[in-house]
Amino acid sequence: MALLAQYIWIDGTTPSQELRGKTRVIKSGNGLLPSTSYDDVNDIPIDQFPEWGADGSSTNQAGGANSDIKLVPVRAVRDPFRPGGFLVLCEVYHGNGEVHETNHRARLREALDRGAASVDGWFGFEQEYTLMTTTGSPLGFPENGYPGPQGPYYCAVGTSNISGRNFYEEFINASLAAGLEVTGYNWEVMPGQAEVQIFGDALAGPDHLWLCRWLLHRTSENHNATVSFDPKPATGDWNGAGMHTNFSTKDMRREGGYEAIITACDAIGTKVEEHLAVYGDGYQRRLTGAHETASYAEFSYGAADRTASIRIPRHVEAERKGYLEDRRPNANACPYQVADRMLRTVCGIEG
Ligand code: ADP
Ligand code: MN
Ligand code: MN
Ligand code: MN
């Protein structure tokens, strides 16, 4: 029997990278069973997927004269749209074997190898996104003018408050069937806007988030809608779309870890520009100081403070241990770059 493996990679589109993919037909043999045979996607043998190539000149990753890029499989989950098939996330290399500049996962691995692995970082990404019509306005916005102001839409139910229910439910089913490390889903503050939370270690968290983005786009094809990660998809008095990043180290999670959380916040405060540089294109449009954001120009942290750059959740303050929430990353940020920056700052890794 032939198995379908959707090879997925992150391209060279600027200012925000996009996803690409192509399908490889793999003869099932001793090494690989249909994906539905693996209860735990971590048991899928990644080494059974051969390296592959693609035309980098069509993905902003190579010139036409030397166009081959190399795709190296690094993580596989189930493909919910092709029963038995796989989604295979790949890192990108130049034809000569060097790490491609667009391969931010490799840089994150380097930070982990240089000491960051020892802090056992965990990441919880709150991926917000906006469902749009194919003509480019948020779902739920009338043809002319605007819907009623923000207030009733967040975590709502009912026809007057929800747009895109069928998409949303199909995406929930798809992401769970895939085996993604999802912890929850909610409707957001603006019509058409929603959130999904992904949780994992420094590599699994970002890997699963990029695969989650693939599934958001893929599901949208069935609903004549598009998914936007624009940080400010509607101008005016509307919340933007972020990717709040919840982060902890083993020192933060142990009894009395609050001190390590404060130390980390102070360290992040010494690298404001470096962090903003990888928090997604257009963060200035979103981090205005209004709409549950802190101005990008001022760094602050505080317990239970949703107007601060970094919030320490109230229960974390009460328990004196746990994690911090950096509220600044945009919905369009690269989670590899965010995780890499966070770990380098907190672990004091230069370069
Ligand atoms: P909010 O109240 O900001 O909307 P959410 O519930 O949407 O919070 O997201 C919180 C995220 O934090 C979840 O993805 C959760 O898995 C994650 N999280 C919980 N504990 C930790 C931890 N110790 N380290 C990192 N992330 C964590
Ligand atoms: Mn949330
Ligand atoms: Mn949210
Ligand atoms: Mn949050």
Side-chain angles (χ1 to χ4, degrees), residues 116 119-131 138 150-151 153-156 168 172 175-176 180-209 212 216 227-233 238-262 264-265 268 279-280 286-287 290-294 301-333 335 338-339 342-343 346:
V119 302
D120 195 14
W122 293 357
F123 289 87
F125 296 106
E126 300 171 53
Q127 175 71 67
E128 294 181 335
Y129 59 91
T130 309
L131 288 167
Q150 291 187 163
Y153 310 111
Y154 172 73
C155 294
Y168 183 82
I172 289 177
S175 52
L176 293 179
L180 294 189
E181 302 285 350
V182 180
T183 64
Y185 311 81
N186 62 269
W187 290 104
E188 269 301 338
V189 174
M190 191 180 87
Q193 221 173 39
E195 173 180 308
V196 49
Q197 296 112 32
I198 294 275
F199 175 77
D201 66 28
L203 282 177
D207 284 352
H208 281 233
L209 182 50
C212 180
L216 283 166
V227 167
S228 169
F229 298 114
D230 191 290
K232 202 77 181 178
W238 305 100
N239 272 34
M243 186 185 75
H244 295 172
T245 298
N246 300 273
F247 169 65
S248 65
T249 63
K250 64 173 191 274
D251 279 349
M252 299 180 190
R253 296 189 295 266
R254 67 166 62 112
E255 288 308 315
Y258 200 70
E259 219 170 292
I261 295 173
I262 298 300
C265 289
I268 295 167
Y279 280 4
R286 173 173 153 264
L287 300 175
H291 304 110
E292 297 180 63
T293 70
Y301 63 87
D305 189 351
R306 286 177 195 265
T307 67
S309 315
I310 295 183
R311 175 178 71 109
I312 299 167
R314 188 181 303 287
H315 66 92
V316 171
E317 189 195 27
E319 292 165 20
R320 314 304 290 172
K321 64 174 181 182
Y323 60 98
L324 60 86
E325 178 196 43
D326 194 331
R327 300 175 59 79
R328 296 171 296 169
N330 275 349
N332 61 356
V338 172
M342 199 66 100
L343 287 167
V346 169

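Start at 1 and go down the list; that is how both ligands and their atoms are numbered. Every heavy atom of this structure was used, including side-chain atoms; hydrogens, water molecules and symmetry mates were not.
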Can you tell me which residue and heavy atom of the protein come closest to [atom], and the distance to 0.1 Å?
atom                    : answer
atom 11 (C) of ligand 1 : N246 ND2, 3.3 Å
atom 27 (C) of ligand 1 : F199 CE1, 3.6 Å
atom 4 (O) of ligand 1  : E126 OE1, 3.1 Å
atom 24 (N) of ligand 1 : S248 OG, 2.7 Å
atom 21 (C) of ligand 1 : Y323 CD2, 3.5 Å

Please name the atom of [X], limited to N, O or S, that comes nearest to the Mn ion (ligand 3).
X    : result
E195 : OE1
E188 : OE2
E128 : OE2

Quiz item: With backbone taken as N, CA, C and O and side chain as the heavy atoms from C-beta onward, which portion of E325 lies under 4.0 Å from ligand 1: side chain, backbone, both, or neither?
Solution: side chain
Exercise. Please indicate whether any nitrogen or oxygen in H244 is less than 3.5 Å from any nitrogen or oxygen in ligand 1.
Key: no
Quiz item: Are any of the N/O atoms in R311 less than 3.5 Å from those in ligand 1?
Solution: yes
Quiz item: Are R320 and Y258 in a cation-pi setup, meaning NZ or CZ lies under 6.0 angstrom from the ring centre and within 45 degrees of the ring axis?
Solution: yes
Practice problem: Indicate the ring-plane relationship of W238 and Y153, choosing parallel, tilted or perpendicular according to the 30° and 60° boundaries. | Solution: tilted
Quiz item: Does E126 put an N, O or S atom under 2.8 Å from the Mn ion (ligand 3)?
Solution: no
Quiz item: What atoms of ligand 1 come closer than 4.0 angstrom to any heavy atom of R306?
Solution: 2 (O), 3 (O)
Quiz item: Going by the atom numbers of ligand 1, which of them fall below 4.0 Å from some non-hydrogen atom of T183?
Solution: 13 (C), 14 (O), 16 (O)
Self-check item: For the Mn ion (ligand 4), the closest N/O/S atom belonging to E325
Solution: OE2
